[in-house]
Engineer: 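Below: one structure in structure tokens.
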Amino acid sequence: MVDAQYEMMCPAIAPIFGYFGVIFATVLSNMGAAYGTAKAGVGIMKAGVLCPELIWKNLIPIIMAGVNGIYGLITAIIILNNIASPNVDGFRVYSLYTGFGHLAAGLSCGLCGLASGMCIGISGDSGIRAFTQVDYMSKNAPRKGLRGQTASKKKGGGAESVFVGSVLIQVFGGNLALYGMITAIILTQTYYQCEDN
Amino acid sequence: MSSSSCTGEYCNAGWSEVLTSMSPYGWGSMGLAFGLSLSVIGAAWGIFLTGSSLVGAAVKSPRIRSKNLISVIFCEATAIYGVIMAIVLNGLMKKPEGGIENGSFTDEWNWSSFYFAGYGVFSSGLSVGLTNVASGVAVGIAGSSCALADAQDSSLFVKILIVEIFASALGIFGIIVGIIQSNSCQFPYDVAN
């Protein structure tokens, strides 16, 4: 490789972009997971005071938010495996092209994970409270609800359909992080190594 | 991006010159500092979130005091992750024993590994630190809701503790990434003769 071309393709600053991709993948998707866990956790507390036995079912938003953090971890490990350190004699093989690809991969996985985690948290919080309230109304107050609503005449007061609806919303919200991770994995396939002659 | 495309005191040749003009020891030390301090910020945030709810709820239900201290311990664990990372990164940054003549590096100094290691340690510390901020806040909010639920109904404590366990797993993800990252960073400390 000609020297000037080598300096352009594989400069010393190339790893910084790859490493920032790792940072964004880990940090942003875990921030989304943390937001989802915290928001839904408060909802579980409020609902658990009303109906303690429903908590196991209400843990679904927490699990889905935690999965977003795992997506970030997987993407970070894939990127880290592809960041090649320099040779023993100091020749750099990690190219700027690969570095920018890894930065894009980390950003796409991280920001999508952040959005998905926030979505799961907010919708999971409301879903938990709604499901527990409908269940409480059908069991304890068959005619009048907490604010004067009447329980549905369906069997079980319609709690099952509320639960299914809330889980569906969270699944659609969790898909967003999956889109980001798929794009990130495709981006990490970009690979160019500088050759030593 | 080539080395000397402009002359004069106030121009620089691009990002390459900007990012390489800070010494890799500087990058590494900043990463270490950010890793530790951001983890401690996350832990502190979580502790004040859970602690204030805990003592507030304990006014009416004093029985929750000792059991709910476990939430504070979960938050402290994120600070411990930062300390572990700082110790690991500190062991990586080696003082140069050879390869220095008259106060500057010799020609055979392995600059590529030097910069690579500096960026790696910086990013390792930043990954751990920022993830622990998120994890600490989440554990704090979950711990606060755990204390309030326990004050109302003591059978809820174990169930809501599960939420806190999921939240503290996020800090573990951060330290896993940080340790894998720091494995490939080798600061050169001598020239090969």
Side-chain angles (χ1 to χ4, degrees), chain A residues 4 7-8 10-23 25-46 48-49 52 55-56 58-59 62-63 65-66 69-70 72-73 76-77 80-81 83-92 94 96, chain B residues 1-3 15-16 18-20 27 108-117 119-120 122-124 126-131 133-142 144-146 148-149 152-153 155-156 159-160 162-164 166-167 169-171 173-174 176-178 180-181 184-186 192:
Chain A
E7 278 299 322
M8 276 239 274
C10 293
I13 60 164
I16 211 175
F17 298 108
Y19 280 132
F20 263 90
V22 175
I23 292 177
T26 319
V27 168
L28 292 176
S29 49
N30 278 318
M31 278 187 176
Y35 187 95
T37 306
K39 200 97 166 63
V42 173
I44 287 183
M45 181 256 310
K46 287 264 179 179
V49 168
I55 288 185
W56 300 108
N58 285 335
L59 278 176
I62 310 289
I63 297 172
I70 294 183
L73 175 71
I77 291 182
L80 274 175
N81 280 342
I83 298 184
S85 52
N87 282 344
V88 185
D89 45 349
F91 186 78
R92 300 185 289 266
Y94 189 66
L96 207 54
Chain B
M1 291 244 277
S2 58
S3 47
W15 283 108
S16 197
V18 172
L19 292 171
T20 51
W27 285 108
E108 298 97 26
W109 187 256
N110 191 349
W111 286 101
S112 306
S113 282
F114 197 33
Y115 282 120
F116 191 86
Y119 300 142
F122 176 73
S123 118
S124 172
L126 214 58
S127 300
V128 172
L130 288 172
T131 309
V133 170
S135 166
V137 173
V139 174
I141 294 178
S144 145
S145 54
C146 193
L148 294 173
Q152 306 207 31
D153 183 0
S155 70
L156 292 174
K159 294 175 185 170
I160 300 192
I162 294 176
V163 178
E164 254 185 272
F166 273 102
L170 305 175
F173 296 157
I176 288 175
V177 171
I180 294 180
Q181 252 180 331
S184 63
C185 300
Q186 273 151 11

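Per chain, numbering begins at 1; letters A, B, ... match sequence-line order.
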Engineer: Among B/Ala149, B/Gly129, B/Cys146, which has the most heavy-atom pairs under 4.5 Å with chain A?
Structural biologist: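 When all of B/Ala149, B/Gly129, B/Cys146 are compared, B/Ala149 has the most.
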Engineer: Side chain from CB out, backbone as N, CA, C, O: work out which of these in B/Ala167 comes under 4.5 Å of a heavy atom of chain A, or both, or neither.
Structural biologist: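 For B/Ala167, the contact with chain A is made by backbone and side chain together.
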Engineer: Is it the backbone or the side chain of B/Tyr115 that comes under 4.5 Å from a heavy atom of chain A, or both, or neither?
Structural biologist: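 Looking at B/Tyr115, just its side chain touches chain A.
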Engineer: Measure A/Leu28 against the heavy atoms of chain B and call it side chain, backbone, both or neither at under 4.5 Å.
Structural biologist: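 It is neither, since no heavy atom gets under 4.5 Å.
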Engineer: Below 4.5 Å from any heavy atom of chain A, which atoms of B/Ile160 appear? Answer side chain, backbone, both or neither.
Structural biologist: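 The answer is the side chain of B/Ile160.
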Engineer: I'd like to know if the side chain of B/Ser135 reaches the main chain of B/Thr131, judged simply by a donor and an acceptor atom lying under 3.5 Å from each other, with no hydrogens or angles considered.
Structural biologist: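 Such a contact is absent between B/Ser135 side chain and B/Thr131 backbone.
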Engineer: Can you confirm whether B/Ser184 sits close enough to A/Ile83 that some side-chain heavy atom of one is under 4.5 Å from a side-chain heavy atom of the other?
Structural biologist: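 No, their side chains stay 4.5 Å or more apart.
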Engineer: Would B/Tyr119 and A/Phe17 count as a side-chain contact (heavy atoms from CB on, under 4.5 Å) here? Give the steps.
Structural biologist: CA-CA 9 Å; B/Tyr119 300 142; A/Phe17 298 108; over 6 Å; no
Engineer: Using only atom types and a distance under 3.5 Å, with no angle test, would you say the side chain of A/Arg92 pairs donor to acceptor with the backbone of B/Ser112?
Structural biologist: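 No, because the side chain of A/Arg92 does not come within donor-acceptor range (under 3.5 Å) of the backbone of B/Ser112.
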Engineer: Flag the one option from B/Leu126, B/Leu156, B/Val139 with the top tally of heavy-atom pairs under 4.5 Å to chain A.
Structural biologist: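 Looking at each option in turn, the highest pair count goes to B/Leu156.
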Engineer: When you measure from the side chain of B/Ser144 to the backbone of B/Gly140, do you find a donor-acceptor pair of N or O atoms at a distance under 3.5 Å?
Structural biologist: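 The answer is no, because no donor-acceptor pair under 3.5 Å joins these two groups.
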Engineer: Contact part of B/Gln152 toward chain A, heavy-atom cut-off under 4.5 Å: side chain, backbone, both or neither?
Structural biologist: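 Looking at B/Gln152, just its side chain touches chain A.
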Engineer: Can A/Phe91 and A/Cys10 be said to form a side-chain contact (heavy atoms from CB on, under 4.5 Å), step by step?
Structural biologist: CA-CA 9 Å; A/Phe91 186 78; A/Cys10 293; over 6 Å; no
Engineer: Show the nearest heavy-atom pair for residues A/Met8 and A/Leu96, with the distance to one decimal.
Structural biologist: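 For A/Met8 and A/Leu96, the tightest heavy-atom pair comes out as O-CD2, 4.1 Å.
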Engineer: If you count heavy-atom pairs within less than 4.5 Å of chain A, which of B/Leu148, B/Val128, B/Val177 leads?
Structural biologist: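 Result: the option with the highest number of such pairs is B/Val177.
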Engineer: Just to verify, what does A/Ser85 make a side-chain hydrogen bond (donor to acceptor under 3.5 Å, both in side chains) with, not counting sequence neighbours?
Structural biologist: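 Result, side-chain hydrogen bond (donor to acceptor under 3.5 Å, both in side chains) vs A/Ser85: none returned.
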Engineer: Of the backbone (N, CA, C, O) and the side chain (C-beta and beyond), which part of B/Leu130 lies under 4.5 Å from a heavy atom of chain A, both, or neither?
Structural biologist: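 Contact with chain A: backbone and side chain both.
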Engineer: Given that the side chain runs from C-beta out, which part of B/Trp27 has a heavy atom under 4.5 Å from chain A: side chain, backbone, both or neither?
Structural biologist: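 Just its side chain gets close to chain A.
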Engineer: What part of A/Leu80 gets within 4.5 angstrom of chain B, counting heavy atoms only: side chain, backbone, both, or neither?
Structural biologist: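 For A/Leu80, side-chain heavy atoms alone lie under 4.5 Å from chain B.
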Engineer: What residue in A/Gly72, A/Ser29, A/Ala25, A/Gly48 has the most heavy-atom pairs under 4.5 Å with chain B?
Structural biologist: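 Looking at each option in turn, the highest pair count goes to A/Gly48.
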Engineer: Side-chain donor-acceptor pairs under 3.5 Å in residues 31-45 of chain A, sequence neighbours left out?
Structural biologist:
| residue | atom | partner | partner atom | Å |
| --- | --- | --- | --- | --- |
| A/Thr37 | OG1 | A/Ala33 | O | 2.7 |

Engineer: Please flag which part of A/Ile16 lies under 4.5 Å from any non-hydrogen atom of chain B: side chain, backbone, both or neither.
Structural biologist: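 Looking at A/Ile16, backbone and side chain both touch chain B.
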